[in-house]
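This report concerns only the one structure given below.
Computed from heavy atoms alone, side chains included, the values below leave out hydrogens, waters and symmetry copies.
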Amino acid sequence: AVIRLAEVNGIVFPEGLTLAQKLKYVQDLHKEGDARTPAIYTTIGTYFGYQLGFYTRFYDIKHVLILGRVTSGNGGEIILEEANSTLRSEFPEYAGITIAMPSEYMRRVGQSIAAASLPDNKD
């Protein structure tokens with residue numbers, strides 16, 4: 001979504017970049033204060049909040065851990081804030097869900113952390 005939203009927001013990528021390099025390019029622009037980038041992370045947070053609301057209709061969700069390279073840096077904070085805001089305003093019946101984000105290092109290693117941090121569900 002970062003790449004598609006970047007292009008919608010007028011960001012043109014240099015030729016030959018891989019998908020990972022394009023993500024890094026957007027993150028670097030964001031770090032430099034590019035005015036186009038906050039909308040990317042806000043939109044992803046909105047997507048995420050709505051998706052959680054939808055999933056909660058089928059699953060008993062209490063805790064969500066946000067991981068992955070896209071959450072690195074301040075963009076992850078924007079995603080988390082917007083996801084919480086969207087979930088609370090659009091799905092108040094699920095206001096008890098806790099959305100958390102680990103440290104910067106843990107976010108970057110993503111799925112390996114997810115597997116290691118799953119709770120023991122013996123209930």
Handout entry: Ile66 and Phe48, any side-chain heavy atoms less than 4.5 Å apart
Key = yes

Practice task
Look only at the side chain of Gln21 and the backbone of Thr18, and say whether a donor-acceptor pair between them is shorter than 3.5 Å.
Solution key: yes

Exercise for the section: To the nearest 0.5 Å, tell me how far Ile79 CD1 sits from Tyr47 OH. Expected result: 11.5 Å

Problem - Glu82 side chain to Thr46 side chain, donor-acceptor N/O pair below 3.5 angstrom - result: yes

Exercise for the section: State the CG-CG distance between Leu23 and Leu19, to the nearest 0.5 angstrom. Expected result: 9.5 Å

Handout entry: Sidechain-backbone polar pair: Thr86 side chain, Ala83 backbone, donor-acceptor under 3.5 Å
Key = no

Practice task
Check for a donor-acceptor pair, side chain of Ser85 on one end and backbone N or O of Glu81 on the other, with a separation under 3.5 Å.
Solution key: no

Exercise for the section: May I ask you to check whether over 12 heavy atoms, not counting those of Phe13, lie within 6.0 Å of atom CZ? Expected result: yes

Completion exercise
Output for pair (Asn84 CG, Met101 CE), nearest 0.5 Å, gives 10.0 Å

Exercise for the section: Answer yes or no: is there a donor N or O on one side and an acceptor on the other, between the side chain of Gln27 and the main chain of Arg69, under 3.5 Å? Expected result: yes

Practice task
Flag yes if Ile99 and Phe54 sit in one hydrophobic cluster, no otherwise; membership is Ile, Leu, Val, Met, Phe, Trp, Tyr, and two members link when side-chain heavy atoms are under 4.5 Å apart.
Solution key: yes

Exercise for the section: List the steps and the verdict of side-chain contact (heavy atoms from CB on, under 4.5 Å) for Ile11 and Ile40. Expected result: CA-CA 11 Å; Ile11 296 173; Ile40 295 167; 3.9 Å; yes

Exercise for the section: Kindly check if the number of other-residue, nucleotide or ligand heavy atoms within 6.0 Å of OH (Tyr94) is above 12? Expected result: yes

Exercise for the section: Nearest 0.5 Å please: distance from the CD atom of Glu93 over to the CD1 atom of Ile97. Expected result: 9.0 Å

Handout entry: Common cluster, Tyr25/Val12, ILVMFWY with side-chain heavy-atom separation under 4.5 Å
Key = no

Problem - pair Arg36-His30: side-chain heavy atoms closer than 4.5 Å - result: no

Problem - Test item: Leu5 and Tyr41 side chains (from C-beta on) under 4.5 Å apart, heavy atoms - result: no

Problem - Side-chain heavy atoms of Tyr55 within contact of Ile61, under 4.5 Å - result: yes

